[in-house]
Number of protein chains: 2
Amino acid sequence: MNFQQLRYIREAVRCGFNLTDVAATLHTSQPGVSRQVRELEEELGIEIFSRAGKRLTGLTPPGAALLPYVNRLLQEADNIKRASHELQGREDGKLSIAATHSQARYALPQVVKEFRQRYPRVSLHLHQGSPKQLAEMLLCGEADIAVATEALASYEALATLPCYRWTHSIVVPPDHPLLALDRPVTLKDLAAYPLITYELGYTGRSHIDDAFASAGLPYEVVMTAMDADVIKTYVELEMGVGIVASIAVDPDRDRQLRILDAGHLFQINVTRLGLRKGQWLPKYAFAFIEMFVPTLNQVVVTQALNG
Amino acid sequence: MNFQQLRYIREAVRCGFNLTDVAATLHTSQPGVSRQVRELEEELGIEIFSRAGKRLTGLTPPGAALLPYVNRLLQEADNIKRASHELQGREDGKLSIAATHSQARYALPQVVKEFRQRYPRVSLHLHQGSPKQLAEMLLCGEADIAVATEALASYEALATLPCYRWTHSIVVPPDHPLLALDRPVTLKDLAAYPLITYELGYTGRSHIDDAFASAGLPYEVVMTAMDADVIKTYVELEMGVGIVASIAVDPDRDRQLRILDAGHLFQINVTRLGLRKGQWLPKYAFAFIEMFVPTLNQVVVTQALNG
DNA sequence: AGAACTTACGATGTACGTAACGATT
DNA sequence: AATCGTTACGTACATCGTAAGTTCT
């Protein structure tokens, strides 16, 4: 048993049991992969992959049972490599943050700025994607930290930590009838207008649907986008009433729009930080998290990482 | 980085940084060990061992920081090998139980008998030792399960689970004055006689000392032993009053002695089961535990193992 | 016919053991 | 002088890539 063999197993699962792809991904020859896989199976005494003739078709039951152990071992190996790099006492390295657009655009910039001043030699990578994509990035090791409001909690292998709470705001053009109301906006008021808001699965969208649904109000979303900037643009074009995260609007910067609080209409949202359980993180990653959410110090985060 | 190198590191620590011993223990040549250690250090970019000239003297700070990761990885590797053996669908294997004399002699026999009937092809190894030794056996992988009443809980890397509660009994020769009392025995009564009981660190001995100490009573332990059989033998010789675990005495079998309950005198003892955290256990090990303590099913035990 | 895995084979590289050397106690 | 680690060197084994072969779609 060696690391190479285990890597081949892991990659074979990721590549849909196509050893040719595995070889290509890991920059080696296909016969070599084939051989190593068989040798590992022989050494362990179990068939890991089910085969239709010569082709691999999937995992056998024992193979499936073994896979989590293989993944954990390879993760430990990775931890050793990462840890030893830091133990050289250097403050350089790489930090990959994966975030949804909203987070990357409105919540992270200040932290990123502060982080760069403190750790100028760490190269910072900011990936963007849907919450689901963020989870995938964490799981395959592409990202170290994910920040999103939805859907990170549904993976067993991920740990999530609450960062901050926020509510929605309504954005309208300057002459909109909603501004003439002498009372707080209601869901019924809103339902009378075409709405522009986030796509499903993004930035608290589900809470918006929930609110209208539980109030029994029919409503029309005429447009959806992944980010507040796009939404605001179309509100300016008078295509409808926008519902966005409060952090995404600012009376000073968005002078061509008017902002109404919607904190009383929709459920409070909690933005969460996602990490891969069991993963070792460099010191500067803990520092980043603490800069973002001061209560999440290294002790708290470590606890979450180790179950 | 490969398994061999990591094994050398682990063994070097265990062997007190003597690479000659490492080579002997792992059945290889000393220069090979030396070379592999250096190559790993070079690859990871850190000095793992501190050296006085050529001799290894200990771990460097980064080496000490890295060691836990190395140990965890090697344990994962071991888990894979053990798990794959079981996944072959065979019901054979090995189970090492480490227990104190009291447990091995009085608590385990019934379980062992039942286990052997259910898993006749599993070879069962019963090790004996002091609670401290049991902990060491668990940590170095010599034992899979430990059973003891004291001192297992004090290791970070071990998980403990309560098995059963028991109290002490007093044993005396048939004509002893304590038998003439028309009321329950008190600590003061006991303190009047020379006592024979367990050695320090064994089978609830600390609770005995605690009871006398907090009552402010001077008492004399004239003899200590690691097991109830020895204690009973010397009680028979009229050398003193014995205090032993209740499970260790039986009116039918110990006809030459008289037994008095001491449950009201000393704190209740809890016998605990010790396991190494993160260690994979074969199905039959879970079965053994459940036979011993029916409430400790696989789910409960797995939870304890994973923190 | 093409895609995918296996077999065969030769080249390279790595690991290991023996033996000699150097340093420390 | 003895112990312990390093250097040197030759052998054996493992890995890897290319090329040809086989089987399934």
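Residue numbers start from 1 in every chain, and the chains themselves are labelled A, B, ... in the order their sequence lines are given, proteins ahead of strands.
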Between dC5(C) (P) and Ile48(A) (CD1): distance, integer Å: 15 Å

Counting the atoms with a prime plus P, OP1 and OP2 as sugar-phosphate, which does Phe17(A) contact under 4.0 Å by heavy atoms, base, sugar-phosphate, or nothing? sugar-phosphate

Of Gly53(A) and Tyr8(A), the one whose closest DNA chain D nucleotide lies more 5': Tyr8(A)

Quick check: do Asn297(A) and Ile289(A) have side-chain heavy atoms less than 4.5 Å from each other? no

Does Gln4(B) make a side-chain N or O approach to OP1 or OP2 of dC16(C) shorter than 4.0 Å? yes

Per nearest nucleotide of DNA chain C, the residue lying toward the 5' end, Lys54(A) or Ala52(B), is Lys54(A)

Go through residues 23-32 of chain A and report each residue with a non-hydrogen atom lying under 4.0 Å from DNA chain C, sorted by number. Gln30(A), Pro31(A)

Just how far, in rounded Å, is C1' of dC13(D) from CZ of Arg35(A)? 12 Å

Between dT3(D) and Arg55(B), counting only base atoms on the nucleotide and side-chain atoms on the residue, is there a donor-acceptor pair under 3.5 Å? yes

Is Thr57(B) close to Phe17(B) at the side-chain level, that is, under 4.5 Å between some pair of heavy atoms? no

Look at Glu91(B) together with Arg118(B) and state whether they make a salt bridge at an N to O cut-off of under 4.0 Å. yes

When the distance from CG of Leu40(B) to C1' of dA15(C) is rounded to whole Å, what number comes out? 15 Å

Do Arg72(A) and Glu76(B) meet the salt-bridge criterion of a basic N to acidic O distance under 4.0 Å? yes

For a side-chain hydrogen bond (donor to acceptor under 3.5 Å, both in side chains) with Arg7(B), tell me which candidate from Gln4(B), Gln5(B), Glu11(B) qualifies. Gln4(B)

Mind calculating the distance between CZ (Arg51(A)) and C1' (dT25(D)) to the nearest angstrom? 18 Å

For a quick check of understanding: with a heavy-atom distance under 4.0 Å over all strands, which category does Glu39(A) fall into, base, sugar-phosphate or nothing? sugar-phosphate

Given dT14(C), is OP1 or OP2 found less than 4.0 Å from the side-chain N or O atoms of Asn2(B)? no

Non-neighbouring partners of Leu126(B) that pass side chain to side chain contact (heavy atoms under 4.5 Å, CB included), sequence neighbours left out: Ile97(B), Ala104(B), Leu108(B)

For Arg38(B), which contact category applies under a 4.0 Å heavy-atom criterion: base, sugar-phosphate, or nothing? sugar-phosphate

Between dA4(C) and Asn18(A), is there an OP1 or OP2 to side-chain N/O distance shorter than 4.0 Å? yes

Nearest whole Å is fine: how far is dT24(C) P from Leu56(B) CG? 14 Å

My understanding is that only residues two or more places apart in sequence, or in another chain, count here; which of them pass side chain to side chain contact (heavy atoms under 4.5 Å, CB included) with His85(A)? Arg90(A), Asp92(A)

Using a 4.0 Å heavy-atom cut-off, does Asp21(A) contact any base of the nucleic acid, only the sugar-phosphate backbone, or nothing at all? nothing

